[in-house]
2 protein chains.
Amino acid sequence: MQNKDDISKKPLTPAMEDYLEAIFNLGKEKKVVRVKDIAKRLGVKMPTVTSMLKSLSKRKLIDYEKYEYLELTKKGLDVGKEIHRRHHILRGFLTDILNIDFKNADEEACKMEHAVSASTLDRFIEFMEFIQFCPRVGLEWLKYFDEYRLHGQEPDKCLARMKEFAKGFRVRIKTMKEVGGEK
Amino acid sequence: MQNKDDISKKPLTPAMEDYLEAIFNLGKEKKVVRVKDIAKRLGVKMPTVTSMLKSLSKRKLIDYEKYEYLELTKKGLDVGKEIHRRHHILRGFLTDILNIDFKNADEEACKMEHAVSASTLDRFIEFMEFIQFCPRVGLEWLKYFDEYRLHGQEPDKCLARMKEFAKGFRVRIKTMKEVGGEK
DNA sequence: GAACTATGTTTGAAAAATCTAACTATCACC
DNA sequence: GGTGATAGTTAGATTTTTCAAACATAGTTC
């Protein structure tokens with residue numbers, strides 16, 4: 001049995017998830033992960049990072065000795081990777097399906113990634129896979145949606161206008177392959 | 001100019017938004033809004049509600065005198081209504097498009113409603129309107145998606161199988177009308 | 001209207017996430 | 001190898017949200 005203040009089963013907070021994701025990403029980008037870089041990435045001050053590092057360390061999500069380089073543990077890596085995956089999928093949905101620009105989509109995804117359960121995320125994936133694997137329907141459909149957004153809502157015009165559109169979608173779909181496939 | 005600890009321009013916290021939404025909904029369901037009911041609805045204890053009521057009152061979002069009935073101010077009503085609208089739209093997307101069951105969709109929507117900006121929410125609305133206003137594309141497309149989810153991913157089968165399906169979608173679309181139209 | 005039950009509030013404490021100011025360690029360079 | 005600049009930490013405070021325990025009020029019923 002676990003002792004009273006066992007911390008291991010308490011769920012992670014959104015903030016913790018954000019830090020783990022940031023550390024995961026920085027680890028891929030640079031040789032070493034610095035407090036300063038985490039702070040910059042997350043828009044907080046350095047003392048805030050230090051204090052969070054202590055929490056993450058207490059939960060065995062990172063290896064951390066003060067003034068030394070820090071590393072994700074296996075457990076921390078798993079979480080970081082999972083949050084990164086969520087982020088990527090949701091951002092993909094926002095950019096490729098809803099056609100929201102990258103910067104905004106990235107910000108929204110960062111907030112949404114803590115709100116969406118695993119099973120809902122799977123539905124998002126299926127949804128995007130569907131459009132990518134059923135191109136005759138999916139691609140046509142995305143074209144329709146853009147048409148609709150740009151030229152109004154009359155049902156009759158949907159079908160007519162759709163014929164004229166065929167370009168620009170391969171790019172969106174290509175991005176999506178990556179996203180859906182990463183699972 | 002505003003004095004130093006002016007509170008009026010500080011953004012509302014997600015928790016505050018949740019309370020305002022709960023009060024808004026309870027106000028529509030019952031004659032009076034009780035502390036006990038808010039607590040139950042949000043899964044917190046009564047003292048937590050009392051303390052939040054004080055904060056909301058300080059921000060002029062509710063009219064509140066202890067032991068008396070509480071009411072949303074104009075400002076509080078606007079927020080409550082807006083959060084309710086977001087909730088409704090996102091839940092509609094989750095149930096009608098991703099086909100997630102109501103209970104789960106409702107929970108997820110409750111978390112997502114704080115994460116999504118106004119402009120992103122508008123895209124969700126356009127997206128659902130599109131499916132509802134372009135039924136020749138939208139309805140077909142939803143059928144395809146269900147097919148895809150239930151029977152696998154071979155592109156060839158998408159078109160073939162789609163022909164067999166035509167029922168069960170009117171319901172989903174009907175719900176959506178309500179959602180999209182509420183704006 | 002006294003007593004009992006519901007409901008609501010106060011008090012005091014906790015955890016989480018953040019900040020500023022002040023301190024300390026590390027690194028690089030001359 | 002001393003000295004400055006950069007990076008990191010500690011200390012202490014604040015805000016937000018929550019709770020349990022104790023207290024207070026309101027409502028109901030005999």
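Every heavy atom of this structure was used, including side-chain atoms; hydrogens, water molecules and symmetry mates were not. Quick note on labels: first sequence line is chain A, next is B, and so on, each numbered from 1. Being a predicted model, the structure only gives us computed values, none of them experimental.
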Watson-Crick or G-U counterpart of C:dA6, or none if no pair lies under 3.5 Å:
none

When both hydrogen-bonding distances must be under 3.5 Å and the geometry is Watson-Crick or G-U wobble, what is D:dA5 paired with, if anything?
C:dT26

Using the rule that two of Ile, Leu, Val, Met, Phe, Trp, Tyr join whenever any of their side-chain heavy atoms come within less than 4.5 Å, decide whether A:I38 and A:L77 are in one cluster.
yes

Do you reckon A:I97 sits in the same ILVMFWY cluster as B:I89, going by side-chain contacts under 4.5 Å, direct or chained?
yes

Tell me: [atom1] of [X] to [atom2] of [N], nearest whole Å?
{"X": "A:L12", "N": "C:dA16", "atom1": "CG", "atom2": "P", "answer": "11 Å"}
{"X": "A:Y67", "N": "C:dT26", "atom1": "OH", "atom2": "C1'", "answer": "9 Å"}
{"X": "A:L42", "N": "C:dA16", "atom1": "CG", "atom2": "C1'", "answer": "15 Å"}
{"X": "B:K45", "N": "C:dA6", "atom1": "NZ", "atom2": "P", "answer": "16 Å"}
{"X": "A:K66", "N": "C:dT24", "atom1": "NZ", "atom2": "C1'", "answer": "9 Å"}

Less than 4.0 angstrom from a charged side-chain N to a carboxylate O is my criterion; do A:K103 and A:E107 meet it?
yes

Within residues 48-56 of chain B, the residues having a heavy atom closer than 4.0 Å to DNA chain D are B:T48, B:S51, B:M52

Can you see which heavy atom on B:S55 is nearest to which on B:M16, and at what distance?
CB-CE, 4.4 Å

Please report the shortest heavy-atom distance between A:L42 and A:D18, naming the atom on each side.
CD2-O, 4.0 Å

Can you classify the ring geometry of A:H84 versus A:F24 as parallel (below 30°), tilted (30 to 60°) or perpendicular (above 60°)?
tilted

With B:E113 as reference, evaluate B:R91, B:R85, B:H88, B:H87 under the side-chain hydrogen bond (donor to acceptor under 3.5 Å, both in side chains) test and give the passing residue.
B:H87

Answer whether the closest heavy-atom distance between the side chains of A:I83 and A:L20 falls below 4.5 Å.
no

Is the glycosidic angle of C:dA17 within 90° of 0, making it syn, or outside that range, making it anti?
anti

Strand-adjacent residues in residues 14-36 of chain B, judged by heavy atoms under 4.0 Å from DNA chain C:
B:R34, B:V35, B:K36

Hey, where on DNA chain D does chain B first and last touch, going 5' to 3'? Cut-off is any atom under 4.0 Å from a heavy atom.
D:dT16 to D:dT25

Grouping ILVMFWY residues whenever side-chain heavy atoms fall under 4.5 Å, the cluster of A:Y67 otherwise contains none

Partners of B:E29 by side-chain hydrogen bond (donor to acceptor under 3.5 Å, both in side chains), sequence neighbours excluded?
B:R41

Would you please name every residue forming a side chain to side chain contact (heavy atoms under 4.5 Å, CB included) with B:D37, sequence neighbours left out?
B:L26, B:K30, B:R34

